[in-house]
**Student:** 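Sharing a structure here in structure tokens format.
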Amino acid sequence: MGKVVLVTGAARQLGGRFVRRIQRDPDVERVIAVDAVTPPHRLGSAEFVRTDIRQSAIARVLAEHAVDTVVHLAVTGGSAGTGGAHSTVKETNVIGTMQLLGACQKSPTVRRLVVKSSTSVYGGTPRDPAVFTETTEPKSLPAGGFAKDAAEVEGYVRGFARRRPDVAVCVLRFANILGPFADSALAEYFSIPVMPTVLGYDPRLQFVHEDDVLEVLRLAAREPRRGTLNSGTFNIAGDGVLLLSQCSRRLGRPTLPLLLPALNWVGAALRAVGASDFSPEQIRLLTHGRVVETTQMREVLGFEPLYTTAETFADFARSRGSGLLPPERVGRAVDRVAAMLDANGLDGLKDDAYAAEGAKR
């Protein structure tokens, strides 16, 4: 790994954890943590530089510290913990990335760039394939929100890679990140006592644990291990999928199926009161779902997540406590009803009814 690592987005929970994690790598001499606001958490021995990556001052930071590895984590959805308006978040995502890449292009010391992206760049329409690979083109480009920001950011990163072929560039497209400390828009949604859903849809969802996110970022930021390559674009997700209905049952939170126009209205109301960042982009995810192929992650990048999608969600659910319908309580109630039916002999009556129906056929 490079001796001097610069990490953007250090004020967010994930950025702060990565800053502390990367300091333990014996090959790292210094870590420079950058953000426009002072982090509310500890950064260990890292040197914090308060600067806005939308400004040209970021070039001076790269030069002063002779940074050779840049880990760009300041591309976010702008949910909990940002403390800024959506317009500010969008400017940081897009304009900030442009400024950072311009500074990296001029820096003679930068040798590796890691960019946190999202599987949301694939979009979400009923015409999409069941599983996305890294080379899948979206049926329609995202019209707005974080998905559009991430797609634009990746376009700028590809341009940078062409202009600086001497820099190793790694783009990590993460599935929905969850865990005990998750502060994403989806984590907010799963914390609502009653979860609004789209009537008639039960989407497939994939998750990646925040601990696996930290580890794959560390892997991407160092020199590749023998037989692997950590330059390119990779989907990052845990094995398996969960249906939204399964998620609600495991959380113990009932769902409220709504027609799509009504759900859009509910989403706007939740955003207005600050209960959840329930964006149109998230509604599309909760309608059509999204599943990605992770073969390249294993065979090329050489990364094997510790958590499956189900295990990631279970760890997240434990951190949120029981909902209105705790699964164990519902299970006991079902067992009691089954026992009552058996005691009253209704099972035998049902069997007789089924037999009679079979005889008629």
Side-chain angles (χ1 to χ4, degrees), residues 1-55 57-84 92 96-97 100 103-104 107 109-117 168 170 172 174 177-184 187 208-225 230 236 303 305-307 312 315-316 319:
M1 181 179 291
K3 294 181 181 297
V4 183
V5 181
L6 182 141
V7 182
T8 67
R12 288 185 66 95
Q13 177 271 138
L14 184 67
R17 288 190 65 191
F18 180 69
V19 167
R20 294 191 296 273
R21 169 67 182 83
I22 207 167
Q23 293 169 36
R24 301 199 296 268
D25 196 300
D27 294 329
V28 174
E29 181 179 313
R30 283 184 297 151
V31 178
I32 313 300
V34 171
D35 210 304
V37 297
T38 302
H41 40 249
R42 297 179 299 102
L43 294 177
S45 60
E47 180 178 345
F48 175 67
V49 178
R50 182 171 180 174
T51 189
D52 192 332
I53 62 172
R54 294 174 296 174
Q55 308 298 325
I58 188 64
R60 186 169 63 251
V61 176
L62 291 175
E64 288 179 355
H65 298 278
V67 172
D68 51 52
T69 302
V70 175
V71 182
H72 184 30
L73 304 183
V75 181
T76 69
S79 60
T82 60
T92 301
T97 297
L100 178 66
C104 291
S107 172
T109 60
V110 172
R111 288 292 176 265
R112 181 168 292 277
L113 171 67
V114 180
V115 179
K116 170 182 170 288
S117 187
C170 183
L172 301 175
F174 291 103
I177 300 173
L178 286 183
F181 305 103
D183 61 356
S184 64
V208 57
H209 198 282
E210 52 197 7
D211 290 349
D212 285 328
V213 171
L214 298 177
E215 183 57 27
V216 75
L217 285 170
R218 186 193 68 83
L219 181 67
R222 64 185 309 165
E223 291 301 314
R225 294 176 300 189
N230 59 359
I236 309 295
F303 177 68
L306 292 177
Y307 294 83
T312 297
D315 198 26
F316 167 78
S319 71

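The analysis underlying the following values was restricted to heavy atoms, covering all of them including side chains, and did not include hydrogens, waters or symmetry mates. The residues of the chain are indexed from 1 along the displayed sequence.
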**Student:** Does D68 reach the main-chain N or O of K3 with its side chain, forming a donor-acceptor pair under 3.5 Å?
**Tutor:** yes
**Student:** Rounded at 0.5 Å granularity, tell me how far CG in L14 sits from OG1 in T76.
**Tutor:** 10.5 Å
**Student:** Looking at residues at least two apart in the chain, or sitting in another chain, which of them share a side-chain hydrogen bond (donor to acceptor under 3.5 Å, both in side chains) with R20?
**Tutor:** none
**Student:** Atom CZ of R30 and atom NE2 of H65: how far apart are they, to the nearest 0.5 Å?
**Tutor:** 6.5 Å
**Student:** Quick one: does I32's side chain get under 4.5 Å of E64's, heavy atoms only?
**Tutor:** no
**Student:** Check whether any side-chain heavy atom of T92 lies under 4.5 Å from a side-chain heavy atom of R54, and answer yes or no.
**Tutor:** yes
**Student:** Do you know which two heavy atoms are closest between V71 and F18, and how far apart they sit?
**Tutor:** CG1-CE2, 3.7 Å
**Student:** Check side-chain hydrogen bond (donor to acceptor under 3.5 Å, both in side chains) between E215 and all other residues, then give those that pass, not counting sequence neighbours.
**Tutor:** R21, R218
**Student:** So, using ring pair (Phe, Tyr, Trp, His ring centres under 6.0 Å) as the criterion, who are the partners of Y307 when residues are at least two apart?
**Tutor:** H209
**Student:** Does some side-chain heavy atom of V70 sit less than 4.5 Å from a side-chain heavy atom of L62?
**Tutor:** yes
**Student:** Please find the pair of heavy atoms, one from V7 and one from G15, that lie closest to each other, and give the distance.
**Tutor:** CG1-O, 4.5 Å
**Student:** In chain order, what residues pass the ring pair (Phe, Tyr, Trp, His ring centres under 6.0 Å) check against H72, with sequence neighbours excluded?
**Tutor:** none
**Student:** Report yes if some heavy atom in the side chain of T51 is under 4.5 Å from a heavy atom in the side chain of R60; otherwise report no.
**Tutor:** no
**Student:** Cut-off 3.5 Å, no hydrogens considered: what does the side-chain donor-acceptor table look like for residues 38-48, sequence neighbours left out?
**Tutor:**
{"residue": "T38", "atom": "OG1", "partner": "R50", "partner atom": "NH1", "Å": "3.4"}
{"residue": "H41", "atom": "NE2", "partner": "A10", "partner atom": "O", "Å": "2.9"}
{"residue": "S45", "atom": "OG", "partner": "Q23", "partner atom": "OE1", "Å": "2.9"}

**Student:** Looking at side-chain heavy atoms only, is the closest gap between I53 and T97 below 4.5 Å?
**Tutor:** no
**Student:** So do the side chains of L217 and L172 get within less than 4.5 Å of each other, counting heavy atoms only?
**Tutor:** yes
**Student:** Could you tell me which non-hydrogen atom of I58 sits nearest to which non-hydrogen atom of A103, and how far apart they are?
**Tutor:** CG2-CB, 4.0 Å
**Student:** Less than 4.5 Å apart, any side-chain heavy atom of L219 and any of R225?
**Tutor:** yes
**Student:** Heavy atoms, side chains only, cut-off 4.5 Å: are L6 and V61 in contact?
**Tutor:** yes
**Student:** Among residues at least two apart in sequence or on other chains, which ones pass side-chain hydrogen bond (donor to acceptor under 3.5 Å, both in side chains) with T109?
**Tutor:** S107
**Student:** Side chains of N230 and R222: is there a donor and an acceptor less than 3.5 Å apart?
**Tutor:** no
**Student:** Of all the heavy-atom pairs spanning S184 and L178, show the shortest one and how long it is.
**Tutor:** OG-CD2, 4.5 Å
**Student:** Which heavy atom of V208 sits nearest to which heavy atom of D212, and what is that distance?
**Tutor:** CG2-CB, 4.2 Å
